[in-house]
Amino acid sequence: MKVALGVVVMALVLVIGVLVANPSWLAQRLRGQVETAATRALGHKVTLEKLDAQWFPKPGATMTNFRAEGEGNEPPFLEASRATATVQLWPLIRSFGKDVRVGSVKLEEPRVNLVRRADGTWNYQSVGSAPATPSTGDGKESGTEASVERLRIENGVVQVTDQQAAGGTAAVAVQDLDADLKHVGPGLPLEGTLKAAVADSKQNVEMDLKVDPLPAGMPVPGEPWPKVTMKLRAKDLSVSAVRDFLPPSATAYFTGGLVDVDAEVTTKLQGQYAVVGHGAAKGLKLRGDPASGAFDFNSLIDPEHLKATKVNFTRLSLAGPGVDLGGTASVQMAPARIRFALEGKELDLQHLLGALPPSAPKKESTSKAAAAKTTALPASMRARLGKVDVDGTLKLGTLRHGNLQATNVDAQAKLDEGVLLIEKGGATVYGGRADLTGTKVDLTKSQPAWTLKANLQGMDTAQAFQALSGQSSLQGLASGELQLNGSGLDWARVRNGVTGNGSVRLSNGVLTTADLGGAVTPALTKGLTALGHKGAAGTVQQAGKGTRFKDLNAKFSVKDGWVSFTQPMAFQSDLGNGTLDGRVGLDQRLELKGTVEASKEFVSGLTGGAVPIKAPVSVPVTITGTLKAPKVSTGGAADIAKGLLPGVSKGIENPVNQARKSLGDLLKRPGKK
């Protein structure tokens, strides 16, 4: 026994001595093992430029330019300028140098290049399946299952390249990646941790995972997928930085804030992966003032039908100044589709859609250090994300912007490349109903561009004018159609740039700030005096305060801060029928001219019957000032006399001769006898 033990010991010593004396042999065996293991695991041919072996302090090697090749003209799938590996000593000795098992591999500052190819496939889809011609070093390991006991990655970078874009744009998506994985290889239970900086300069995401023994390759249809348990935590994700992962048209939605996310992945009995989690936002800025929000999410992923994956968001909430929303949403992968159902007590557009603060453009830098700090997806890929079909419903108790307010809002909305369109919907506006179908807002602009389409029915104008101007200048029920185009939300600044057109009908109206009858009274006095009926003129009575409109119809266009009538505005009043032409300023200025056909009943009533009238009297009218304080003026005495002449009854003695004489006196030039 002693002799046998001595022989074994001598043999082991001899083997160790041979191995130590010949480190190049270890380098050759280890190089083949590393290349084989990495090639099988990554699905890309792996090469090493140089490998230096050592026995002390641990058997292993230092590798230079570790490289997993890309296909064709693609960049390397994985590359690391420096890597180290250790070898398990006992299997090596026990097998007399035949069993070389990699104990651990460490990659320093590796770069992973994810490529979206021109046909839409990704280069990572080959991971887990050996390439057509694997690299096996000396060729002796091709029939063995290669594995790594421990894989460590330090300060890694993930870059995304889009070959479908002009020139194949590339950008850094993840950086400062650290990973510690154990049991990497087919048939081994993978477990480990991962930390990374996603859209940030510091690590903000970490993950723990456990996976049942890995298969030798991608499972074929019908084969079970490995059981997975994973926990994901993201802390203080910068919303402004995450904007680089959104479509360019959506980057204006979010202007600040931090988001935390916790998620857990488990495996169901049917082999599907269940994802559940919760998210919370703080200091969130949606183009306006800070707000806070929260959401829960869940999904059931079938690994054999990944494109059919759907993520459901529940208990959505968003609260802040002028914002109180909640509801649900769902995101479907293919076809790319988002559906939402939101409702809330109030939504203030002035807070939600406030203009972005001015900011200086970022300077581009071509240095590697600057490139490593840039976190974004290629613009072409972000643009494709904007093609997602977004549609849903919105119900609000109150929708307001400044003094403008609508209640009972119920709308079907669609978001297409940053443009929010009301496909169908309406609201209660100051006691009436407004159909807002076709209204849209372009959220991609720093000053939101909007088109307002409204079909109004029965709006109480007294409520509207009281809310908008502080005075119920006009009373009645208004109906009509309106289409306005503008940019921005500060009415005082944008009103001069608003364009559009519309029509309005007002029933049972009262203009409380102007008294056409009161303006016509002195005009009739002058006219009667001019006709030689000074005594009758003295019997004219004052009309009541305000002007009643039985019916008013107008068509108009909007441009340069004015509402201009495209045809004279017709109305019926207590005085009689009338027409007005001109324009009304969006700042409430008035520039109107027209004619009031004072009815014979009105004129006879004012004179107490002293002047029999057989036809309406035409009275020229000019209205200036503002809606709050209009100034009404009528034509001169000669104009009124002309208007009275056809209407004066034949019962008046010689009215024509008297009128001619009086008009001649009125029209006589100064100094002429």
Side-chain angles (χ1 to χ4, degrees), residues 237 239-240 242-243 246-247 249-261 277-298 310-332 337-356 388-416 418-429 434 436-437 439-445 448 450 452 489:
L237 283 171
V239 172
S240 58
V242 172
R243 288 191 301 162
L246 299 175
S249 61
T251 56
Y253 303 166
F254 308 96
T255 59
L258 301 173
V259 177
D260 298 340
V261 177
H278 174 78
K282 49 193 175 183
L284 185 64
K285 289 187 179 180
L286 301 181
R287 297 183 58 102
D289 295 326
S292 61
F295 56 91
D296 293 340
F297 58 92
N298 65 81
K310 182 179 180 181
V311 182
N312 300 309
F313 292 88
T314 59
R315 299 175 64 185
L316 280 168
S317 65
L318 179 65
V323 180
D324 183 2
L325 290 175
T328 62
S330 64
V331 179
Q332 183 174 308
R337 179 183 299 163
I338 297 177
R339 293 293 180 264
F340 63 87
L342 300 176
E343 58 182 291
K345 296 180 180 179
E346 68 170 334
L347 181 62
D348 191 331
L349 296 179
Q350 196 163 7
H351 288 283
L352 181 65
L353 301 179
L356 291 174
V388 177
D389 177 15
V390 183
D391 204 339
T393 59
L394 181 63
K395 295 183 179 181
L396 298 170
T398 302
L399 175 67
R400 64 168 55 92
H401 172 57
N403 293 331
L404 182 63
Q405 178 174 299
T407 58
N408 302 321
V409 179
D410 189 349
Q412 178 80 27
K414 182 180 182 66
L415 186 64
D416 185 10
V419 178
L420 180 66
L421 171 67
I422 304 299
E423 296 180 305
K424 182 180 179 181
T428 299
V429 181
L436 302 175
T437 301
T439 295
K440 60 183 179 181
V441 181
D442 187 349
L443 302 172
T444 66
K445 310 294 185 182
W450 47 266
L452 171 64
L489 295 170

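This structure is a prediction, so every number in the text was calculated from the model and none was measured.
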Checking His278 side chain against Val261 main chain: does a donor-acceptor pair fall under 3.5 Å?
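Side chain of His278 to backbone of Val261, a donor-acceptor pair under 3.5 Å: no, none is there.
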
Within this structure, what is the [atom1]-[atom2] distance for the pair [X] and [Y], rounded to the nearest 0.5 Å?
X	Y	atom1	atom2	result
Asp260	Leu237	CG	CG	7.5 Å
Asp442	Asp416	CG	CG	10.5 Å
Leu452	Leu436	CG	CG	7.0 Å
Leu420	Glu423	CG	CD	9.5 Å
Trp450	Lys440	CH2	NZ	13.0 Å
Leu399	Thr428	CG	OG1	12.0 Å

Identify the residue among Thr328, Thr393, Asp389 that makes a side chain to side chain donor-acceptor pair (under 3.5 Å) with Arg339.
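Going through Thr328, Thr393, Asp389 one by one, the side chain to side chain donor-acceptor pair (under 3.5 Å) with Arg339 is satisfied by Asp389 alone.
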
Name the residue from Val409, Thr439, Leu394 that meets the side-chain contact (heavy atoms from CB on, under 4.5 Å) definition with Ile422.
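Of all the options given, the one that passes is Thr439.
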
Using a 4.5 Å cut-off on heavy atoms from C-beta on, say whether the side chain of Asp391 contacts that of Gln412.
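The answer is yes; the side chains approach within 4.5 Å.
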
If the condition is side-chain contact (heavy atoms from CB on, under 4.5 Å), which residues does Gln332 pass it with, not counting sequence neighbours?
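By the side-chain contact (heavy atoms from CB on, under 4.5 Å) rule, Gln332 matches Pro335, Arg337.
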
For Asn312, give me all partners under side-chain contact (heavy atoms from CB on, under 4.5 Å), at least two apart in sequence or on another chain.
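Partners of Asn312 under the side-chain contact (heavy atoms from CB on, under 4.5 Å) test: Asn298, Lys310, Ser330.
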
Looking at Val429 and Gln405, what are the two nearest heavy atoms and their distance?
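Residues Val429 and Gln405, closest heavy atoms: CG1-O, 4.3 Å.
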
Can you confirm whether Lys395 is buried at NZ, in the sense that more than 12 heavy atoms of other residues, nucleotides or ligands lie under 6.0 Å from that atom?
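No, because the 6.0 Å sphere around NZ of Lys395 holds 12 heavy atoms or fewer from other groups.
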
Show every donor-acceptor pair shorter than 3.5 Å between a side-chain atom in residues 315-326 and any protein atom, with sequence neighbours excluded, or say none if there are none.
{"from": "Arg315", "atom 1": "NH1", "to": "Asp296", "atom 2": "OD2", "distance (Å)": "3.3"}
{"from": "Ser317", "atom 1": "OG", "to": "Ala294", "atom 2": "N", "distance (Å)": "3.4"}

